[in-house]
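Down below is the structure, laid out as structure tokens.
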Amino acid sequence: MTVHHPERARARLDADGLHASLGAPESESMTFLNEIAQRYPEAISFAAGRPYEGFLDLDAVHRYLDTYRRHLDARTGGDQALVRRTLLQYGRTKGIIHELIAEYLLVDEGIVADPEHIVVTVGCQEALYLVLRALRRDAKDVLLAVAPTYVGAHGAARLADLPVLPVPDSPDGLSPADLAAAATAARSAGLRPRACYLIPDFANPTGVSLSAARRRELLRVAEEQDLLLLEDNPYGIFGDGRHVPTMKSLDDSDRVVYLGSFAKTGLAGARVGFAVAGQRVVRRDGSASSGTGHSTLSDELAKLKSMLTVNTSPLAQAVIGGKLLEHGCSLRAANVQETAVYQRNLHLVLDGLDRRFKTGAGATAAVSWNRPQGGFFILVDLPFTAGDAELESSARQFGVLWTPLHHFYADGLPRQRVRLSFSHLEPAEIDEGLDRFAAFVRAQDTTRNALRGRTHAT
């Protein structure tokens with residue numbers, strides 16, 4: 001016997017009742033860009049900022065894990081139960097490879113970091129979110145960020161309910177005077193600027209790097225304005241050999257929270273990042289914020305992490321730890337081949353743009369671009385607005401993808417500038433992709449000229 005029940009109303013959620021970040025422009029960016037790539041799988045992509053895949057090796061992953069296991073075995077005096085527990089159980093909230101990360105920072109960047117001030121996170125994105133969540137006390141708190149900047153910084157700030165106030169960028173990177181002016185203006189408006197987020201080395205999306213002199217000036221401004229500087233450094237080792245000191249290595253007043261990632265330099269699939277946050281935390285009465293008489297920002301980040309992701313996968317950390325151990329804790333040494341590929345690709349794109357837009361019959365001053373010395377990205381200025389609609393047309397009609405720059409402003413306003421990413425491509429793909437990109441640009445220009453002609457005719 002079948003019993004028929006009256007149809008029950010299904011639960012339904014009002015979008016306006018969900019967190020405001022879900023309706024923000026930046027929340028749509030990655031989804032839209034991924035959907036475009038999936039709809040046009042044959043298109044050559046200058047959009048994705050992925051690491052090069054030519055050196056990916058599953059056997060190396062097993063080797064790194066075994067290298068770290070042997071390291072643990074030596075450190076524990078052969079206590080196999082402790083080795084198994086460290087790798088296979090819930091782990092220390094701050095991470096298990098903090099000492100190796102501290103050694104790497106010293107070897108590669110000249111950064112002297114107490115291992116206890118390092119929190120190992122699920123990618124750098126978690127590190128960024130934890131810092132922003134910790135800094136956001138109430139509605140007066142705001143984050144300053146160079147504009148344009150990494151879309152994930154906007155996204156993390158939205159999740160932390162921390163408004164982002166843009167600081168204009170320049171061909172030479174963030175200006176100390178502009179940073180000071182932005183902080184002063186925020187305070188005049190009754191707000192509390194807590195920190196400024198920036199990528200000093202081969203920034204995403206601009207590819208711009210800051211000079212050593214400008215880094216020192218920004219540190220001076222941060223001290224005068226009582227700001228933290230959130231230094232994100234995923235691309236710094238991928239330059240042409242001219243090494244500029246990190247801001248953290250120049251910092252003598254604890255103004256820099258250093259955000260690191262092994263996605264580009266270690267293994268993206270491991271999803272391991274970290275924060276170096278040794279800033280002292282005190283109560284209003286002057287005592288430390290914990291009952292131990294000693295507390296740092298890293299301790300506070302660990303509290304948040306314990307409620308968010310509990311701990312970062314020990315197995316993923318072990319793979320990264322093994323890679324560090326095999327290369328003397330130097331990611332510069334571990335990435336010699338990758339750096340050569342990125343430098344090759346950078347020059348192939350720059351030379352290819354020169355050939356297609358600066359010389360020959362197709363030469364045009366209306367298209368220009370910057371010339372980074374490393375990293376993954378180049379900016380191209382166009383004589384027309386290049387937004388999401390133009391990107392879809394480029395993918396559908398010309399088989400080439402790129403990234404509209406409005407995604408890095410989080411305002412949804414299309415601009416006459418795009419980002420080209422070259423990191424994951426082979427030389428033949430770059431050559432063909434630039435042919436397609438040039439064809440797209442010239443088609444847009446032809447359309448514009450035809451429309452102007454019709455307008456004048458009427």
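Annotation for L88: atom CG counts as buried by contact number, over 12 foreign heavy atoms lying within 6.0 Å.
Inter-residue side-chain proximity for L179 and L227 is flagged as met; some heavy-atom pair is nearer than 4.5 Å. Proximity of D240 to L346: side-chain heavy atoms (C-beta onward) are nowhere separated by under 4.5 Å. In this structure, the side chains of V120 and I96 stay at 4.5 Å or more apart for every pair of heavy atoms. Taking the side chain as every heavy atom from C-beta outward, V380 and W402 never approach each other to under 4.5 Å. Between R187 and Q225, some side-chain heavy-atom pair lies under the 4.5 Å cut-off. With a 4.5 Å cut-off on side-chain heavy atoms, V244 and S211 do not count as touching. Proximity of Y235 to N204: side-chain heavy atoms (C-beta onward) are separated by under 4.5 Å at one or more points. Residues V418 and F46 form no side-chain contact, since every pair of their non-hydrogen atoms from C-beta on lies 4.5 Å or further apart.
For the residue pair P372 and G207, the shortest heavy atom distance occurs at CB-O, 3.4 Å. Nearest heavy atoms, G49 versus S421: CA-OG, 3.5 Å. When every heavy atom of P171 is checked against every heavy atom of V208, the shortest pair comes out as O-CG1, 3.7 Å. Scanning all heavy atoms of the two residues, the minimum distance from L250 to A212 falls at CD1-O, 4.4 Å. Closest of all the heavy-atom pairs between Y64 and V319 is CB-O, 3.3 Å. Shortest non-hydrogen contact noted between G91 and N311 is N-ND2, 3.2 Å.
Defined by atom type and a distance below 3.5 Å, a donor-acceptor pair is missing between the side-chain atoms of Y68 and E326. A donor-acceptor contact closer than 3.5 angstrom links the side chains of T312 and K305. In the model, H406 has a side-chain atom that pairs as donor or acceptor with a side-chain atom of D388 under 3.5 Å. Between the side chains of S298 and E116, no donor N or O sits under 3.5 Å from an acceptor N or O. In summary, the side chains of E126 and T309 do present a donor paired with an acceptor at a separation below 3.5 Å, with no hydrogens or angles considered. In the model, N345 has no side-chain atom that pairs as donor or acceptor with a side-chain atom of H424 under 3.5 Å.
The closest donor-acceptor contact from the side chain of Q373 to the backbone of G239 lies at 3.5 Å or more, if one exists at all. With hydrogens and angles ignored, the 3.5 Å screen pairs no side-chain donor or acceptor of E392 with any backbone N or O of A389. Between the side chain of S423 and the backbone N or O of R50, at least one donor-acceptor pair lies under 3.5 Å. Without hydrogens or angle criteria, S188 side chain to T184 main chain gives a donor-acceptor distance under 3.5 Å. The backbone N or O of W369 lies less than 3.5 Å from no partner atom in the side chain of R371, so there is not a single donor-acceptor pair. D66 places no side-chain N or O within 3.5 Å of a backbone atom of R63 that could act as its donor or acceptor partner. Distance alone, capped at 3.5 Å, is enough to place a donor-acceptor pair between the N370 side chain and the T206 backbone. E223 places no side-chain N or O within 3.5 Å of a backbone atom of S253 that could act as its donor or acceptor partner. Looking at R271, its side chain never comes within 3.5 Å of a backbone N or O of A316 through a donor-acceptor pair. The main-chain N or O of T339 is never found under 3.5 Å from a side-chain atom of N335 such that the two would form a donor-acceptor pair.
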Give the intermediate values and the outcome of salt bridge (Lys or Arg N to Asp or Glu O under 4.0 Å) for residues E338 and K264. CA-CA 9 Å; E338 288 83 355; K264 312 298 189 295; over 6 Å; no
List the steps, then state whether side-chain contact (heavy atoms from CB on, under 4.5 Å) holds for E103 with E99. CA-CA 6 Å; E103 182 66 17; E99 292 175 331; over 6 Å; no
Steps toward side-chain contact (heavy atoms from CB on, under 4.5 Å) verdict (H117, Y258): CA-CA 11 Å; H117 296 166; Y258 189 84; over 6 Å; no
Is there a side-chain contact (heavy atoms from CB on, under 4.5 Å) between Y197 and L128 once you walk through the steps? CA-CA 9 Å; Y197 172 82; L128 176 57; 4.0 Å; yes
List the steps, then state whether side-chain contact (heavy atoms from CB on, under 4.5 Å) holds for L219 with D252. CA-CA 9 Å; L219 286 166; D252 58 8; over 6 Å; no
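Of the inter-residue distances, the one linking R136 atom CZ with L159 atom CG reads 12.5 Å to the nearest 0.5 angstrom. Here NE2 of H327 is found 11.0 Å from CG of L325. Values are rounded to the nearest 0.5 Å. With values rounded to the nearest 0.5 angstrom, L210 atom CG is found 12.0 Å from T246 atom OG1. Here the CG-CG distance, from L165 to L191, works out to 6.5 Å after rounding to the nearest 0.5 Å. Interatomic distance, CD1 of I101 versus CD of Q317, reported as 7.0 Å (0.5 Å rounding). Rounded to the nearest 0.5 Å, atoms CG (L259) and OG1 (T121) are 8.5 Å apart.
Of the charged side-chain nitrogens involved, none lies within less than 4.0 Å of a carboxylate oxygen, so that R194 and D226 do not count as a salt-bridged pair. The pair K140-D138 does not meet the salt-bridge criterion, since no charged nitrogen lies less than 4.0 angstrom from a carboxylate oxygen. No salt bridge links E217 with R214; every basic N to acidic carboxylate O contact stays at or beyond 4.0 Å. The pair R332-E109 meets the salt-bridge criterion, since a charged nitrogen lies less than 4.0 angstrom from a carboxylate oxygen. With respect to the salt-bridge test (charged N to carboxylate O, under 4.0 angstrom), the residues R215 and D201 qualify. Ion pairing between a basic and an acidic side chain is recognised when a charged N comes within 4.0 Å of a carboxylate O; R69 and D73 show no such pairing.
Aromatic pair Y342/Y52: ring centres not closer than 6.0 Å. For F202 and F377, the ring centers are positioned 6.0 Å apart or more.
Relative orientation of the F32 and H407 rings is parallel, given thresholds of 30° and 60° on the angle between their planes. Taking the six-membered ring for Trp and thresholds of 30 and 60 degrees, F262 and F274 have ring planes inclined between 30 and 60 degrees apart.
Cation-pi contact between R419 and F408: absent, since separation from the ring centre below 6.0 Å together with deviation from the ring axis within 45° is not met.
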